[in-house]
Structures are given as structure tokens and as C-alpha cells.
Amino acid sequence: MPEQKRDYYEVLGVSKGASDDEIKKAYRKLAKKYHPDMNPGDKEAEAKFKEVNEAYSILSDSDKRARYDQFGHAGVDPNYGAGGPGGGFGGFDMGDIDLGDIFGSFFGGGFGGFGGSSSARRNGPQKGESLRASLTISFEEAAFGCEKEINLTRTEQCEACHGSGAEPGTTAETCPDCRGTGVVRVQQRTGGFAFSSTAPCTRCRGTGKIIHTPCKACGGNGSVKKTKRVTVSIPAGIDEGQAVSLRGQGNAGKNGGPAGDLIVGIHIRPHPQFQRDGTTVLYEQPVTFYQAVMGAELEIPTIDGKVKYNLPAGTQTGTTFRLRGKGIPELRGRGRGDQYVTIRIQVPTSLNSEQKEALRAFAEAMGEDVPEESGLKGFFDKHKKRK
């Protein structure tokens, strides 16, 4: 009996009229699902993985797909039903497949240790690691900008060997095992099938070169740790939690790559009087009862200094007015926010007898029903008798 195989379109879960992109997406999803690395020891998943790869090898090739659509399995496998030469199946020899190429193109070289293209770039110029630091500044420094200095420990290119890692006057040898690529090809056999992948070269530890005489200054690393004092320019208008990026102030790059960046997170100390909301400054101005009733000329604190403001008579507590252009400058922009001032009428917490008498008289003059208090009534009675 001829060997029975499932329809390739059914295997990938796509229709017969599926586009190349749809076939590729379906294959990618299923190959990842059934890959042996994701299903160790699972024979059924291994069989599914082989079946998915066979289907994709046919349907991704326009000529083979056309023959398959016309003649079925027999159109792409003359040995269909006889097992095929060399123990393969359907003319599809897994020993010919470089999974590094397949998964490198589909998964960016980061799947299950596969990805030749990613590994091949191991010895190209690499940007250095970025560093992070934090800095606390005052409310005014955040508003108007400033310059600060911080101490930073970072790796820098060795001045003696210029980053090569070899003692001056000597050169590094290209690794004979990986021929300078830093990776070697590895073959594994699973269930009678050979899988080809790449792995870091153990002889040169993935560097692609062998240093026989390491640089004494850096020990062959090509870089050294140094502590530097770095000046950080804080732009006007920066807010809590934002960061300043200093390009090239991070760790040194590798193989001639640029240095990383320094990311400085900004924290702002709370102000005893002001609060901030974006570019808006909020402030509460205390006034006396008399000032609120009669009006007054006030001196309002702002981040620029004090400004005069005429408080209208009869102002109620909670009233808010705006001082235009007295807020925070726009970050790297033009203009400034405003300052909003909220009036808070101060209520006396303790009064002497004369103050209480005056307040009671004022309340009565305003037509208020003022209850007599123990002790207070006798004081007013005596005062009236003296008159």
C-alpha cells in the first residue's frame, strides 16, 4: 500500500488559494509550536514538526507547489509510497536543512539557539552598554534649568592597546576553528534526522580571535574601568521622573563600536510653598478675615520673586486667580505656564475677651442671631452698665 500523507494545505491549516505570506505565517506558528526544543521527548510533536517542515518545503516553492496542486504528492515525490531514498520522506531530506537559516530568518536568530545571521554579527561593531544614574534637584532648578556634576564609573577603551586586547606591538590571531566569525556549525541527530545549527566557538569564546600576548594594561579585555566626573545639563522645564540622555557617556563599545549612553533620571525635591502640575504652579495665599472683607494689596510669592496683587473686597475663601506667565517654562519650547493662586481665609484659633466682644458686636450688626455664651454674657452686661 502506498504511504498515506495528509494534504499539505491541511497540515499548515491554510486554504489552497493561500498567499505566500499566509503560508509563511502558518509555518512559523506551527514550527514554533512543535519544535523539539519546545517539546523535549515528545515523539508526537517531533512527527508533527517533520510534517510541517515537509509541507512548507513544497508550498513555499512556486514550482513544487504548482506540481503539487496538479498531481498531488506524486507530483513532488516520485518515490511516494516507497519511502524515498536514504530514509527521507517525500524527497524531503531533513539532513539538508540548516535550521539556523530557517529560524534566523523567521525569528531573528533568537529561537532555541538558532539564528546564524545573528551569530555572524557577533564580531561586528557593537554599541557599548548604556548606564543609568539618578539626580535630585530643587524646584527652581527644574523650572529654570541648571548644570550638575555626577561621579560615574564606566568602562573605557584601553588607551594602551586601543581596544584590541593585544599587547602593543603584537596582533591577535584569527581563530582557526571559526575563521573569525565567533561561531561554529553544530550538527545534531534526532530520530534519524540531522539538524544543523550554530553555537559560540569554544576556542575563542565567541570573539573570533585568539590573543597570544594580552595587553598588560587591560588584561586582554580591550577596556578598563574608570571613574569620571560628568557634567549633566538639565533643561529648563524638566519634570519629575523624566530623564536626560548623554550620548556616548556610557560603557565603551566593542570591535570599534560606539560607546553607550548615560541616562540620568531626574527627581525634584518638594517645595515648601509651591506645587506643580505640568507647566502650572499652584500656590495657596493666606489672608485675614479683614483683608478678605475690605480688600488688600498682597505680595504673592512666585518662582521669579514676589509680585503685587490687589485683592478685591469681599473675596471668598477658595477663590482662585491667575498670574499669567509665572509658571514653569515649556520643556525645550517657547513660553511659560501660569501660576494659580487660591485664597485661604485664616480663622483665628483663640480670641481674648475684647476680640470676642468686637466679633459679637459685628455679628449682631450684620443681623446674625448670636447665642450668649457662659461668661461672655456677664462681660457684655458689665460693659453696658459702665456706659
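Predicted model, so just to flag it, every value in this text is computed and none were measured.
Counting heavy atoms from C-beta on, the side chains of L135 and I234 come closer than 4.5 Å. Residues V184 and T202 have side chains not in contact (no heavy-atom distance under 4.5 Å, counting atoms from C-beta outward). Between V281 and T302, every side-chain heavy-atom pair lies at or beyond the 4.5 Å cut-off. Contact annotation: the side chain of L262 never approaches that of K228 to less than 4.5 Å [non-hydrogen atoms, C-beta and beyond]. Residues T280 and D338 form no side-chain contact, since every pair of their non-hydrogen atoms from C-beta on lies 4.5 Å or further apart. Side-chain contact between H212 and T170 is absent, with no heavy-atom pair separated by less than 4.5 Å.
Within a 6.0 Å sphere centred on CD of E44, other residues, nucleotides and ligands contribute 12 heavy atoms or fewer. Counting heavy-atom neighbours within 6.0 Å of E156 CD, excluding the residue itself, gives a total above 12. At most 12 heavy atoms of other shown residues, nucleotides or ligands fall within 6.0 angstrom of atom CZ in R132. Surrounding CD of Q275 are at most 12 heavy atoms belonging to other residues, nucleotides or ligands under 6.0 Å away.
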Side-chain polar contacts of residues 286-300 - donor-acceptor pairs under 3.5 angstrom, sequence neighbours left out - could you list them?
{"residue": "T288", "atom": "OG1", "partner": "Q291", "partner atom": "N", "Å": "3.0"}
{"residue": "T288", "atom": "OG1", "partner": "Q291", "partner atom": "OE1", "Å": "3.4"}
{"residue": "Q291", "atom": "OE1", "partner": "T288", "partner atom": "N", "Å": "2.9"}
{"residue": "E299", "atom": "OE2", "partner": "K308", "partner atom": "NZ", "Å": "3.4"}

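Side-chain atoms of E167 come within 3.5 Å of backbone N or O of K216 as a donor-acceptor pair. Judged by distance alone, with hydrogens and angles left aside, the side-chain atoms of D261 form no donor-acceptor pair with the main-chain N or O of S130 at under 3.5 Å. Of the possible polar contacts, one joining the H73 side chain to the R6 backbone as a donor-acceptor pair under 3.5 Å is found. Between the side chain of K48 and the backbone N or O of L30, no donor-acceptor pair lies under 3.5 Å. At distances below 3.5 Å, at least one donor-acceptor pair connects side-chain atoms of T317 with backbone N or O atoms of I345. For N151 (side chain) and R229 (main-chain N/O), no donor-acceptor pair under 3.5 Å exists by modelled atom type. Side chain of N39 to main chain of K33: a donor-acceptor pair is present (N/O by atom type, distance under 3.5 Å, no hydrogens or angles).
Here E54 contributes atom CD and L59 contributes atom CG; the two are 10.0 Å apart, rounded to the nearest 0.5 Å. Rounded to the nearest 0.5 Å, atoms CG (L131) and OG1 (T153) are 9.5 Å apart.
Ionic pairing of E364 and R360 is present here: one or more N-O contacts between side-chain nitrogen and carboxylate oxygen are shorter than 4.0 angstrom.
Sorted by first then second residue, the side-chain hydrogen bond (donor to acceptor under 3.5 Å, both in side chains) pairs that include residues 236-245, not counting sequence neighbours, are E240-H267.
Closest heavy-atom contact between I210 and P176: CD1-CD, 3.9 Å. G165 and C218 make their closest contact through CA-SG, 4.4 Å (heavy atoms, listed as atom of the first residue, atom of the second, distance). P301 and Q339 get closest at one heavy-atom pair: O-NE2, 3.0 Å.
Taking the six-membered ring where tryptophan is involved, the planes of Y68 and Y9 are tilted, since the angle between them lies from 30° to 60°.
With side-chain heavy atoms closer than 4.5 Å counting as contact, directly or through intermediates, the hydrophobic cluster containing L351 also holds L359.
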